[in-house]
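One structure is given below, encoded as structure tokens.
Each ligand, and each atom within it, is numbered from 1 in the order the structure gives. For this chain, numbers begin at 1 and follow the sequence in order. All of these numbers come straight from a predicted model, not from anything done at the bench.
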Amino acid sequence: MTGPAPTRAEIVVDVAALRHNVRRLSEVVNDGAAPTPVRMMTVVKADGYGHGLSETARAAREAGADWLGVATIEEALAVRAAGDTGRVLCWLTTPSDDLTEVVAADVDVTAYSLAELDQAVGAGEQAGTRPRVQIKVDTGLSRGGAPRSAWADLFAAAAGLEQDGRLTITGIWTHPACADDPDHPANDAQEAAFRDALALAEAAGLRPEVRHFANSAAAVLRPSARFDLVRCGIASYGLDPAPGRTPDLGLVPAMTVRAELAMVKHLQAGDGVSYGHRWVAPGPTTVGLVPVGYADGAPRSASNRAFVTIAGQQCPVRGTICMDQLVVDLGQVPAEAGDDVVLFGSGADGGTTAQDWAAAAGTINYEIVTRVGGRLGRRHVDTERGPRGTPPDTDHEEHP
Ligand SMILES: *Cc1c(COP(=O)(O)O)cnc(C)c1O
């Protein structure tokens with residue numbers, strides 16, 4: 001890993017990996033099965049899944065992302081503030097949100113209901129522009145989106161508003177519930193329901209620019225669900241949307257969390273480690289102190305279960321993960337205070353990954369990368385170009 005001398009603990013994001021993953025996913029979804037090119041939306045909500053919203057947005061565009069996707073209007077405005085001028089869709093607003101600014105900023109907004117169509121029209125009047133609106137239909141997730149019983153009225157109203165020049169309907173879309181389980185019957189049912197919605201919309205006179213269904217898992221595992229556009233979040237960051245079910249696509253996890261080993265000590269058989277002595281040394285061993293805890297996003301539920309990588313060796317976490325620190329068993333690994341610890345990273349050379357931490361904590365990789373942070377610094381590197389456009393491997397030469 002390139003970079004300055006190790007600091008206490010930090011997140012390092014490789015933007016070259018982000019670009020690689022976005023390009024790779026575009027290739028995968030355009031593998032020849034689709035009659036027309038499938039466009040790519042890179043989802044950068046939640047601070048780019050913890051990778052940094054502006055850096056992720058820039059990397060995705062460089063890799064050809066046609067769209068960026070975010071949840072909230074604040075996130076959409078942050079994309080604009082970062083200088084992005086391309087198509088952006090946001091999809092989670094509430095009645096008290098004022099959409100004027102996002103509509104003025106040329107962001108496509110999503111309507112789930114007649115009230116939200118009106119909200120968008122009102123914002124367009126305020127902004128002096130014709131808002132671009134996508135309609136989200138609920139095909140079986142029972143989360144956001146218009147329920148089936150409301151589709152006909154919603155499409156009719158949208159078509160009327162469009163004919164009056166008060167908005168443009170740019171998309172119709174839905175979201176799958178079980179895409180990470182390709183054999184789940186809900187996938188077929190949702191896709192069939194979505195096709196019903198599209199037929200109804202067409203009958204109402206709507207001709208949206210994009211029709212979309214797929215998150216990462218569906219984009220990769222369900223070619224029939226790709227439609228005009230796929231919305232890839234987690235896979236863009238190099239993480240597996242359906243662990244154990246996804247073929248190897250050559251995606252590269254972009255985030256590494258690393259720390260400097262704070263201390264090393266020897267234990268005797270019977271020595272208990274950390275709060276509650278939930279691990280007791282069965283024999284003499286050497287342990288190391290890692291200055292990262294649950295306040296920094298190392299889940300406490302991974303106590304006694306997760307592994308870190310030190311000198312290329314996997315070392316188990318021993319005992320309870322504390323707020324600020326955790327203890328690992330070094331065994332025979334010849335580590336010293338000051339050595340580099342990788343909590344998780346790309347997994348190259350057998351190192352630990354965010355997916356390993358998710359499995360240890362009983363959660364999904366999404367939660368690991370979006371929650372890591374706390375007091376950790378975050379640094380972006382570019383293993384193709386080097387930091388800030390310099391060739392790789394030069395950023396630590398300034399102060400030898
Ligand atoms: C978060 C989100 C996505 C991305 O999902 P991944 O599983 O991370 O690919 C796509 N669409 C919507 C509506 C989302 O909320």
Candidate pair Gln190 and Phe213, rule side chain to side chain contact (heavy atoms under 4.5 Å, CB included), full reasoning: CA-CA 9 Å; Gln190 281 199 267; Phe213 180 105; 3.9 Å; yes
Stepwise side chain to side chain contact (heavy atoms under 4.5 Å, CB included) test for Tyr275 and Met323: CA-CA 11 Å; Tyr275 292 126; Met323 187 183 293; over 6 Å; no
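The aromatic rings of Tyr49 and Tyr366 sit tilted relative to each other, their planes meeting at an angle between 30° and 60°.
Trp151 pairs with exactly one of Asp138, Ile135, Ile172, Val137 by the side chain to side chain contact (heavy atoms under 4.5 Å, CB included) rule, that one being Val137.
Residues of the protein with a heavy atom under 4.0 Å from ligand 1 are Val43, Lys45, Tyr49, Trp91, Arg143, Trp173, His175, Asn215, Ser216, Arg231, Cys232, Gly233, Ile234, Tyr366, listed by chain and number.
Here the side chain of Arg24 pairs a donor or acceptor atom with the backbone of Leu249 at under 3.5 angstrom. Judged purely by atom type and a 3.5 angstrom limit, Thr285 has no side-chain atom pairing as donor or acceptor with the backbone of Leu267.
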